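Chain letters run A, B, ... following the sequence lines, proteins first and then strands; every chain starts at 1. Since the model is a prediction, treat every value here as computed from it, not as a measurement. Note that these values count all heavy atoms, side chains included, but never hydrogens, waters or copies made by symmetry.
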2 protein chains.
Amino acid sequence: MTTSTPWLSPAELRAWLGLVAVAELLPAQLDSQLQRDATLTHFEYQVLAMLSEAPDHALRMSALAQRTNATLPRLSHVVKRLEDRGLVRRAPCADDRRATNAHLTPAGWDLVVATAPGHVRTARELVVDALTPAQVAELETITRALLGRLDPEGRLTPPLDGDTAG
Amino acid sequence: MTTSTPWLSPAELRAWLGLVAVAELLPAQLDSQLQRDATLTHFEYQVLAMLSEAPDHALRMSALAQRTNATLPRLSHVVKRLEDRGLVRRAPCADDRRATNAHLTPAGWDLVVATAPGHVRTARELVVDALTPAQVAELETITRALLGRLDPEGRLTPPLDGDTAG
DNA sequence: CCTCGGTAGTTGTTGCGTCAACTTTCCGGT
DNA sequence: ACCGGAAAGTTGACGCAACAACTACCGAGG
């Protein structure tokens with residue numbers, strides 16, 4: 001804290017405040033849409049989506065926690081609720097008896113399939129369709145640069161495969 | 001929902017997932033830094049910062065709620081806690097006896113002044129200094145476009161004045 | 001003057017996330 | 001074979017936000 005404090009220029013300030021506002025509003029809207037259409041949190045949807053893309057529709061809790069940027073306690077609570085709703089099933093892992101595998105149930109898969117289109121639609125309405133193709137490309141490079149700071153270990157970044165997980 | 005579902009192209013998907021990841025990680029980091037340095041939530045900091053910029057260091061609860069994108073119940077609880085810590089003082093409004101004015105106390109002012117440099121530093125480390133000037137400019141236009149969708153009433157957008165509120 | 005709809009805020013309850021234990025299992029060293 | 005440390009999950013307690021219900025007040029219309 002002994003270093004001087006270079007203030008933000010007006011342009012930097014506008015960009016910063018804009019990003020903070022987006023980061024505040026976007027998750028709320030995603031939660032709102034998913035809650036309305038599927039009684040799901042955005043995080044719950046992410047969990048189901050990750051499982052739906054995994055081989056055998058199953059993942060270990062720690063792997064799932066990493067890909068969804070969640071702590072293990074948080075994931076444990078959420079998966080318990082999803083299990084109570086019959087969307088996920090928990091089973092001990094054969095290889096490592098400390099571990100637990102979360103399996104997507106048929107009901108869970110059906111819900112993801114039914115929910116994904118509306119979610120994509122929301123993604124378009126709120127973000128993609130509001131930007132030009134050039135801006136979309138620029139947004140990708142910008143977010144990649146930011147994630148280099150926000151997520152140095154690259155837990156959210158490396159899976160650049162095409163999927164509906166957003 | 002009878003409309004078809006135009007899926008996201010790979011490029012759109014990467015930009016979308018990148019933005020979602022940033023929107024997930026950035027608030028957590030802001031909370032973390034402010035919690036560590038000032039025992040404040042990012043939202044609490046925003047409340048104090050807004051008051052620090054207001055004439056007479058005071059604002060009506062509803063005005064404060066609008067500028068911080070908070071519901072009135074949420075703000076009421078938060079201001080109560082801040083009042084318990086001596087950072088804010090509540091006083092009935094003379095003009096409208098339904099209304100309450102939140103006043104920043106000297107201690108609250110001191111805390112904002114002490115906290116702002118570190119917060120700006122975080123803004124630089126996580127965002128501004130990770131981008132080129134051109135990208136900063138592009139980020140501003142992109143966020144402005146997104147806020148047109150996310151915040152149609154422009155509650156967060158119009159105050160484009162230069163300040164440390166971020 | 002009185003009433004009725006709407007506005008400003010507060011309070012209580014519920015739900016989700018975080019943190020701190022705690023249990024169980026794995027693995028390296030002796 | 002055994003012991004200590006670390007990893008994988010679960011559980012319970014606490015804090016904060018959302019929602020609903022409630023009080024108090026303003027202001028227009030009869």
Nearest to the side chain of [X], heavy atoms from C-beta on, is which of [options]?
X: A:Arg60; options: C:dT10, C:dC19, D:dA8; answer: D:dA8
X: B:Ser62; options: D:dA18, D:dT11, C:dG9; answer: C:dG9
X: B:Pro73; options: D:dC19, C:dT18, D:dA17; answer: D:dC19
X: B:Arg98; options: C:dT24, C:dT7, C:dT10; answer: C:dT7
X: B:Ala99; options: C:dG9, D:dA17, D:dT11; answer: C:dG9
X: A:Met61; options: D:dG9, C:dT25, C:dC19; answer: D:dG9
X: A:Arg81; options: D:dC25, C:dG17, D:dA20; answer: C:dG17

Measure the distance from [atom1] on [X] to [atom2] on [N] and round it to the nearest whole Å.
X: B:Leu59; N: C:dG9; atom1: CG; atom2: P; value: 11 Å
X: A:Leu72; N: C:dC19; atom1: CG; atom2: P; value: 14 Å
X: B:Gln35; N: C:dT18; atom1: CD; atom2: C1'; value: 11 Å
X: B:Glu83; N: C:dT11; atom1: CD; atom2: P; value: 10 Å
X: A:Asp84; N: C:dC16; atom1: CG; atom2: C1'; value: 15 Å
X: B:Gln66; N: C:dG9; atom1: CD; atom2: C1'; value: 15 Å
X: B:Glu24; N: C:dC16; atom1: CD; atom2: C1'; value: 14 Å
X: A:Leu75; N: D:dA8; atom1: CG; atom2: P; value: 13 Å

5'-most contact on DNA chain C: B:Ser76 or A:Phe43, nearest heavy atom basis?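 Checking each residue's closest nucleotide, the 5'-ward one belongs to B:Ser76.
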
Would you mind telling me which residue lines up with the more 5' stretch of DNA chain C, A:Ala70 or B:Thr100, judged by nearest nucleotide?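 So the residue in question is B:Thr100.
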
Under 4.0 Å between a side-chain N/O of [X] and OP1 or OP2 of [N], yes or no?
X: A:Lys80; N: D:dT11; answer: yes
X: B:Arg74; N: D:dC16; answer: no
X: B:Arg90; N: C:dT10; answer: yes
X: A:Arg97; N: C:dT24; answer: no
X: A:Thr41; N: C:dC16; answer: no

Please confirm whether the backbone N or O of A:Val136 pairs with a side-chain atom of B:Glu12, one donor and one acceptor, at under 3.5 Å?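 No.
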
Check whether any side-chain N or O of B:Arg90 sits under 3.5 Å from a backbone N or O of B:Glu83 as a donor-acceptor pair, and report yes or no.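 Absent.
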
Assign each of B:Asp95 and A:Asn101 to its nearest nucleotide of DNA chain D by heavy atoms, then name whichever residue's nucleotide is nearer the 5' end.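 Looking at the nearest nucleotide for each, A:Asn101 comes out on the 5' side.
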
At what distance, to the nearest 0.5 angstrom, does OG1 of A:Thr143 lie from CG of B:Leu25?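 Output value for this atom pair is 11.5 Å.
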
Would you say that more than 12 heavy atoms from the other residues, nucleotides or ligands in this model lie under 6.0 Å from the CZ of B:Arg97, or not?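 For B:Arg97, atom CZ is not crowded (no more than 12 foreign heavy atoms under 6.0 Å).
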
Could you tell me how the ring of B:His119 sits relative to the ring of B:His42: parallel (under 30°), tilted (30 to 60°) or perpendicular (over 60°)?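 Geometry flag for B:His42 against B:His119: tilted rings.
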
Pairwise side-chain contact, B:Asp151 with B:Asn69, heavy-atom cut-off 4.5 Å (strictly under):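 No, too far: nothing below the 4.5 Å cut-off.
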
